[in-house]
Amino acid sequence: INKIAVSDSFRKLSMRSYKLVIGSWTMLVTTGRALQLGLFFRQKSSHGFMTSRNKFISLKSKSSHVLATVSEIPADITEAELPTNEDDELVRIRHSSAHVMGMAVQRLFPDAQVTTGPWIENGFYYDFYRSSGEQFSINDLKAIKKEMEKIIKKNFEIRKETIDRAEAERRIKEIGESFKLEILQSIPKDEDITIYHIGDEWWDLCAGPHVESTGQIKAKALDLSSVSAAYWRGDESRQALQRIYGTAWKEAWQLKEHKRRLEEAKKRDHRTLGKKLDLFSIQDDAGGGLVFWHPKGSKVRGLIEDTWKEAHIKAGYELLYTPHVANLNLWKTSGHYDFYRDGMFDQMDVEDEQYQLKPMNCPFHCLMYKDKLHSYRDLPIRWAELGTVYRYERSGTLHGLFRVRGFTQDDAHIFCTSDQLENEIIGVLDLTQNILSQFGFNKYDIMLSTRPEKSVGSDQIWEDATNALVGALHRKGWDDYTIDQGGGSFYGPKIDIKIRDAIGRKWQCSTIQCDFNLPERFDLTYVDADQSRELRPIMLHRAIFGSIERFFGILTESTAGDFPLWLAPTQLRLLPVTDAAQHFCQKVAARALDVGIRVEIDPGKERLAKQIRNGWDQRIPLMAVVGEREMQSGELAVRARARGELGSVPVDDLFTAILQARSIDDIPTFRLDHEENEGGVDFQQQQQQHE
């Protein structure tokens, strides 16, 4: 496994060079599999290199170690599936890594008290209180990581101990950990008190799970990432804490791939791209969490909404518009005021009555249903609304388009009978797949959440609804779903769908929820077939995007702002070479507007090379140079982003191709001639130079 075939060019390299860089080239391993791997190693004569013809080079020292672990690395690491917290072993590793970090911190900083340290998505964290008030620095993180490596190398046993409450209190007071004492007091009286020891040196209150020893954590698959501020129990009025985040994986290559994805995610940050591409902004003068849609972002949003509306109308939905405020009594009837009051804005007084900005759309749809008598023949009723809602979020939690205070839900509610329920769920699943796939999201993770301990509704209705969800998933062929036992809402079971973006991240977007609560609260009924009884309809809540804002952010990051041709705010940019070409460009742009193509004209104040560079940086899918030749022929010399020169084509033929295309790849290659355009500038040469 530690031998590689070397080409003649590499054999000719000097034996005495201190560094040899082998980029990305084919390595032949004894398994017979060819894979790509970049190596950097120091070359010295003592390494025993063999340079005679048709021989192998034996790589020793660090390069030998790298090759020895090649079999652990997927053939295509960028497409590798990273494990998630559904993997029990990974959860144990991450939870134990948090404890190892707690032990390391208290070794190095005796004034630090530990509070809570759970595993989270992609890693773990621990919150610390420092009586000295000193802040952890980047250098401190390096020291903590090194101390963790020492603890891992010692392979201390991680041991569980169950003790009574009095003994736990005695031990906590003995070491002066006041936060642990409060945690102990919050544990229900009927639950066991368990602590986990690392060797005989360190312990913490914990319910587990953990690995058996610190040696089962791979130091090279672990890293500490950052420090942030936190508050005890999440309460800003309580003690200020410091939260250290870390990540832990089963194998070192997984950590490397995780870091690569993080770097890629930084490049794709929708907040940066939103500003760079002039899509949207958050204006501080207006307040945090409120989105201002710029013209280009509004074009993309409009296309998203049009796609959503068209698909819903074809699927038998009727579109609604409802108010942005309502009397507070409505939210008391729906139960939102009791259950979600902390997430609602304060009320406003209107003529001695209190009104509330709406946090959700569903009570409005219930009122509309109740507005007239319904027969079983009327069902199912499918109502959909792009309804803007308002929710209070603390300023520290706001995050671009992902966490805002005003957002538009792609909300819909279906009122149906129990016999219709499964078919309606199938319809929602089909519609969800239809819409998401149009935006390039074709991979889904599906979770079915069942009845929690506290719930409303009879056993029979819960069983029927859960069976309908399961039956719909089976009929759809989506059998690879996970079950969150007891994870449903108090008012009904649900299906949640996560989409995967271009770099493998998972995003919760779509949801289908059965609701037995609101029909009861609003006294919604329909008359059965024999006209003798009034029955309760089943209400389905469902969303596909979740919210327009969040989905826009996800889509921007997944495409890195390089929207597909049909969705791009500008589909074609005209690049006039001379002032005389401006008039011709304006005529082309007017014709494009008539047929529904989004065209921009570059002001032409820059040299052509700069115009091309600007178009490239702004993710313009198609650009066309316009000079004297184009003005005379009525053709455009077209170049596609990421494909290169497409050739010259009559304007109308180009417009037809654009209207029929979904992506740049759908645009055909036209006549190629490589002649220089007016002004002596070769379009192909300029673009290649920029690239």
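We count residues from 1, following the sequence as given. Since this is a predicted model, take the numbers as computed values, not measurements. Hydrogens, waters and symmetry mates play no part in the numbers below; they use all other heavy atoms, side chains included.
With 3.5 Å as the limit, one finds no donor-acceptor pair spanning the side chains of Glu628 and Thr578. Side-chain contact check for Thr511 and His541: no donor-acceptor pair (N or O, by modelled atom type) lies under 3.5 Å. Side-chain contact check for Ser510 and Thr432: no donor-acceptor pair (N or O, by modelled atom type) lies under 3.5 Å. Neither side chain, Arg268 nor Ser558, offers a donor N or O lying under 3.5 Å from an acceptor on the other. Using modelled atom types and a 3.5 Å distance limit, the side chains of Arg573 and Gln611 yield no donor-acceptor pair. For Gln433 and Lys476, the side-chain atoms include at least one donor-acceptor pair closer than 3.5 Å. With hydrogens and angles left out, the side-chain atoms of Asn122 and Arg261 include no donor and acceptor closer than 3.5 Å.
Note that the CH2 atom of Trp616 and the CZ atom of Arg639 stand 8.0 Å from one another [nearest 0.5 Å]. Separation of atoms CZ (Arg542) and CG (Leu540) is listed at 10.0 Å; rounding is to 0.5 Å.
When all heavy atoms are compared, the tightest approach of Ile282 to Leu290 is CD1-O, 3.6 Å. Among all heavy-atom pairs drawn from Glu424 and Pro380, the shortest one is OE2-CG, 3.3 Å. The two atoms that bring Leu659 and Val595 nearest to each other are CD2-O, 3.6 Å, heavy atoms only. The two residues Thr570 and Lys296 make their nearest non-hydrogen contact at OG1-CE, 4.4 Å. The shortest heavy-atom contact between Thr482 and Glu86 is CG2-OE1, 4.0 Å. In terms of heavy-atom proximity, Leu555 sits nearest to Ile304 at CD2-CD1, 4.1 Å.
Within the 4.5 Å cutoff, no side-chain heavy atoms of Arg505 are placed close to those of Arg500. When side chains are defined from C-beta on, Trp566 does not count as touching Ser663, because their heavy atoms never get closer than 4.5 Å. No side-chain heavy atom of Phe584 sits less than 4.5 Å from a side-chain heavy atom of Gln582. The shortest side-chain heavy-atom distance between Phe402 and Trp507 falls under the 4.5 Å cut-off. Residues Trp478 and Leu429 form a side-chain contact, since some pair of their non-hydrogen atoms from C-beta on lies under 4.5 Å apart. A 4.5 Å side-chain heavy-atom check between Ser281 and Phe292 finds at least one atom pair inside the cut-off. Side-chain contact between Ser449 and Gln513 is absent, with no heavy-atom pair separated by less than 4.5 Å. A heavy-atom distance below 4.5 Å is found between the side chains of Leu654 and Leu572.
Using cut-offs of 30° and 60° on the angle between ring planes, the pair His258 and Trp249 is tilted. Taking the six-membered ring where tryptophan is involved, the planes of His413 and His365 are perpendicular, since the angle between them exceeds 60° and thus also 30°.
Heavy atoms from other residues, nucleotides or ligands lying under 6.0 Å from NZ of Lys299 number more than 12. The environment of His474 atom NE2 is dense: over 12 non-hydrogen atoms of other residues, nucleotides or ligands sit within 6.0 angstrom. No more than 12 heavy-atom neighbours from other residues, nucleotides or ligands sit within 6.0 angstrom of CG on Asp284. More than 12 heavy atoms of other shown residues, nucleotides or ligands fall within 6.0 angstrom of atom CD in Gln283.
Aromatic rings of Phe439 and Phe551 (six-membered ring for Trp) have centroids within the 6.0 Å cut-off, being under it.
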Please determine whether side chain to side chain contact (heavy atoms under 4.5 Å, CB included) holds for the pair Leu646 and Leu622, giving the CA-CA distance in whole Å, both sets of side-chain angles, and the decisive distance to 0.1 Å. CA-CA 10 Å; Leu646 299 183; Leu622 298 170; 4.2 Å; yes
Side chain to side chain contact (heavy atoms under 4.5 Å, CB included) evaluation trace for Glu600 with Leu574: CA-CA 6 Å; Glu600 284 183 357; Leu574 303 175; over 6 Å; no
